[in-house]
Amino acid sequence: MDKKIGLKDAISIGIGGMVGGGIFAVLGLAVALAKGATPIAFLWAGIIALLTAYSYAKLSKKYPENGGTVKFVHQHFGNGIFAGGINNLLWISYIVMLALYASAFGSYATELLSLSGSKEIDARIFQTSILLFALLINYLSVKLVGEIESMAVIIKLCILVAFIGVGFYGLSAHPENLHQLSPENWESPMLILSGGMVIFVAYEGFELIANSVSDLKDREKNTAKAYFGAVGFVIILYILIAIVTVGVLPFDQIADAQDYVLAKAAEPTLGQIGFTVMTVTALISTFSAINATVLGSGRVNYDIAKDNELPKYFCHMFWGKPVGFLITALLSIALVNLFNLKSISTAGSAGFLLIFCIVNYIGYKKHKELESRSYIHLLASILCFLAFSTLIIQQFSENRVGVLTALGIIVFCFILETVYKATKSKVV
């Protein structure tokens, strides 16, 4: 029992997975799309995450030894092209997340340090260097990755909660921008929904709880509590952060500081000290998120290859770890340097919405076995699909590169699996 983790530990894993680089990367994008309705956009995305958490809780409890999205997909779809395509999409979506976090790290780092005199060049240097540094740490010590995560979760949550407290004090002392939150400053319902979907990546991470359910004390009682506790806390946290940000900064300043808006939002009340503290917090958070995602995605890649859905080459070792660690990091470096933040965010959200749609559908098909309510699984699956469709349709007019990138990644994952299966069958 000494090795068992408690409910608080499981909730912390979920919160740590969600409150990483996402909120620092996409808050400015959400405000750009939803304006005064940004808190509503975060609530909308959070509701979809909460409903999906129901499916993950039921599936995790039923299959604790094989927890995780890859295994859930195999439980229902077997080991064919569709299952392989979805699992490949999961791996590629983690690569997209790494690029998103690295992009955020680069944007915040350039506000503290100047290397070349050009912010664009500096950002590329920082975002590439942090991915390589995280890769090195993962190859040197998995234990160190865990220790960094434990410290980072405490630091970033304490500072974000303090930011909310100070922010609300600032709102009461300087209420001149509070009118921005009123309905007349809300964008159209379509843009609000789209804003929620573009920033859906900020909720990605709660599914990491599945990997620890087999070690959870009182698993029957605590699995659902862990998922709902983590997602519920983060929904409230994000809504409060959105209220403070929109309430203290004029829209034009938010637009100018879109890539580092949380640091800018601390400035009106705390001045340069607040800006610096939030910038450092962003760097710590995005670095810890990169660290954990390199580890998690490298393992996902290895598991997929072990299940014969990718070439066995991905099971090879490099410097004592799966070669997938190196490939994942290098692909992330290419992605972050080729595409902008908005395109990366759209691709990441689209990938995870489609994956969560499938997981919710699996929950619906297995509801008798799971002893769960079928209509919740079905509602979650439909909402994920509608959210995915809304994101693609709305973003196509103003972010065509992002949409084409997202759709290209999805198609590529299934083509990759089809070609691999065909090649494998010929060899056999």
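Counting only distance, with no hydrogens or angles, the side chain of Glu207 and the backbone of Gly205 share a donor-acceptor pair below 3.5 Å. With hydrogens and angles ignored, the 3.5 Å screen pairs a side-chain donor or acceptor of Ser288 with a backbone N or O of Ser285. Formation of a donor-acceptor pair under 3.5 Å by the Glu267 side chain with backbone atoms of Gln272 is not found in this model. Judged purely by atom type and a 3.5 angstrom limit, Asn222 uses its side chain to pair as donor or acceptor with the backbone of Lys217. For Asn399 (side chain) and Gln395 (main-chain N/O), no donor-acceptor pair under 3.5 Å exists by modelled atom type. Between the side chain of Ser343 and the main chain of Phe339, no donor-acceptor pair closer than 3.5 Å is present. For Thr269 (side chain) and Ala266 (main-chain N/O), no donor-acceptor pair under 3.5 Å exists by modelled atom type. A donor-acceptor pair under 3.5 Å links the side-chain atoms of Thr110 to the main chain of Ser107, judged by distance alone. Listed for the Ser332 side chain is a donor-acceptor partner under 3.5 Å among the backbone atoms of Ile95. With hydrogens and angles ignored, the 3.5 Å screen pairs no side-chain donor or acceptor of Gln127 with any backbone N or O of Phe105.
Ile362 places none of its side-chain heavy atoms less than 4.5 Å from the side chain of Ser55. Considering only heavy atoms from C-beta on, Phe287 stays 4.5 Å or farther from Tyr101 through its side chain. No side-chain heavy atom of Tyr420 sits less than 4.5 Å from a side-chain heavy atom of Ile415. Between Leu136 and Leu132 there is no side-chain heavy-atom pair separated by less than 4.5 Å. Side-chain atoms of Cys357 and Leu353, non-hydrogen and from C-beta on, never get closer than 4.5 Å to each other. Taking 4.5 Å as the limit, every side-chain heavy atom of Val277 sits out of range of all side-chain heavy atoms of Phe163. Counting only heavy atoms from C-beta outward, the side chains of Tyr108 and Thr281 never approach each other to under 4.5 Å. Counting heavy atoms from C-beta outward, Lys156 and Ile284 have side chains that stay 4.5 Å or more apart.
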Evaluate side chain to side chain contact (heavy atoms under 4.5 Å, CB included) for Thr52 paired with Cys384, printing each intermediate quantity in order. CA-CA 9 Å; Thr52 302; Cys384 281; 3.7 Å; yes
Report the C-alpha distance between Leu383 and Trp44 in whole Å, list the side-chain angles of each, state the deciding distance to 0.1 Å, and finish with yes or no for side chain to side chain contact (heavy atoms under 4.5 Å, CB included). CA-CA 10 Å; Leu383 283 177; Trp44 164 236; 3.8 Å; yes
Show the numbers, then the answer: is there a side chain to side chain contact (heavy atoms under 4.5 Å, CB included) between Leu112 and Val280? CA-CA 9 Å; Leu112 280 187; Val280 171; 4.0 Å; yes
Full working for side chain to side chain contact (heavy atoms under 4.5 Å, CB included) between Leu379 and Asn360: CA-CA 9 Å; Leu379 176 63; Asn360 285 318; over 6 Å; no
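By the salt bridge (Lys or Arg N to Asp or Glu O under 4.0 Å) test, Lys221 is found to be paired with no residue, residues two or more places apart in sequence or in another chain being considered. In this structure, the side-chain contact (heavy atoms from CB on, under 4.5 Å) partners of Phe414, at least two apart in sequence or on a different chain, are Phe82, Ile86, Ile410. Ser93 is linked by a side-chain contact (heavy atoms from CB on, under 4.5 Å) to Leu89, Phe352, Ile355, counting only residues two or more places apart in sequence or in another chain. Phe385 is linked by a ring-ring contact (aromatic ring centres under 6.0 Å, His included) to nothing, counting only residues two or more places apart in sequence or in another chain. For Phe126, there are no ring-ring contact (aromatic ring centres under 6.0 Å, His included) partners at least two apart in sequence or on another chain. Every residue two or more places apart in sequence or in another chain that forms a side-chain hydrogen bond (donor to acceptor under 3.5 Å, both in side chains) with Thr128 is listed here: Asn337. Partners of Phe388 by ring-ring contact (aromatic ring centres under 6.0 Å, His included), not counting sequence neighbours: none found.
Closest non-hydrogen pair, Ala49 versus Phe200, comes out as N-CE1, 4.0 Å. Here the closest non-hydrogen pair linking Ala57 and Thr223 is O-CG2, 3.5 Å. Contact detail for Leu391 and Ala350: the closest heavy-atom pair is CD2-N, 3.7 Å. The shortest heavy-atom contact between Asn87 and Thr69 is OD1-O, 4.2 Å. Heavy atoms only, all atoms of each residue included: Gly363 and Leu59 are closest at N-CD1, 4.4 Å. Closest heavy-atom contact between Val248 and Ala265: CG2-O, 3.5 Å.
Rounding to the nearest 0.5 angstrom, the gap separating the CG atom in Leu240 from the CD1 atom in Ile235 is 12.0 Å. Between atom OG of residue Ser389 and atom CE of residue Met197 there is a gap of 11.5 Å, rounded to the nearest 0.5 Å. A distance of 8.0 Å separates CG of Leu330 from CD1 of Ile327, quoted to the nearest 0.5 Å. In this structure, CG in Leu181 is found 8.0 Å from CG in Leu171, a value given to the nearest 0.5 Å. Taken from CD1 in Ile393 to CG in Leu193, the straight-line distance is 11.5 Å, to the nearest 0.5 Å. The distance from the CG atom of Leu131 to the CG atom of Leu331 is 11.0 Å, given to the nearest 0.5 Å.
Residues in residues 121-138 take part in these salt bridge (Lys or Arg N to Asp or Glu O under 4.0 Å) pairs, two or more places apart or across chains: Glu120-Arg124. Pairs passing the salt bridge (Lys or Arg N to Asp or Glu O under 4.0 Å) check and including a residue from residues 85-110, sequence neighbours excluded, do not occur.
Ring centroids of His377 and Tyr54 are separated by less than 6.0 Å, placing the two rings close together. Taking the six-membered ring for Trp and the full ring otherwise, the centers of Tyr56 and Phe206 sit less than 6.0 Å from each other.
Between Lys119 and Glu111 there is a salt bridge, with a side-chain nitrogen of the basic residue lying less than 4.0 Å from a carboxylate oxygen of the acidic one.
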Report all side-chain donor-acceptor pairs from residues 224-234 shorter than 3.5 Å, counting only partners two or more places apart or in another chain.
unit_1 : atom_1 : unit_2 : atom_2 : d
Tyr227 : OH     : Ser60  : OG     : 2.7
Tyr227 : OH     : Ala210 : N      : 3.1

Got a list of side-chain donor-acceptor pairs under 3.5 Å for residues 18-42, not counting sequence neighbours?
unit_1 : atom_1 : unit_2 : atom_2 : d
Lys35  : NZ     : Ala32  : O      : 3.3
Thr38  : OG1    : Lys35  : O      : 2.6

Please tabulate, one pair per line, all N/O donor-acceptor pairs under 3.5 Å involving side-chain atoms of residues 5-16, not counting sequence neighbours.
unit_1 : atom_1 : unit_2 : atom_2 : d
Asp9   : OD2    : Gly6   : N      : 3.1
Ser12  : OG     : Lys8   : O      : 2.8

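A side-chain donor-acceptor contact under 3.5 Å links Asn88 and Glu417.
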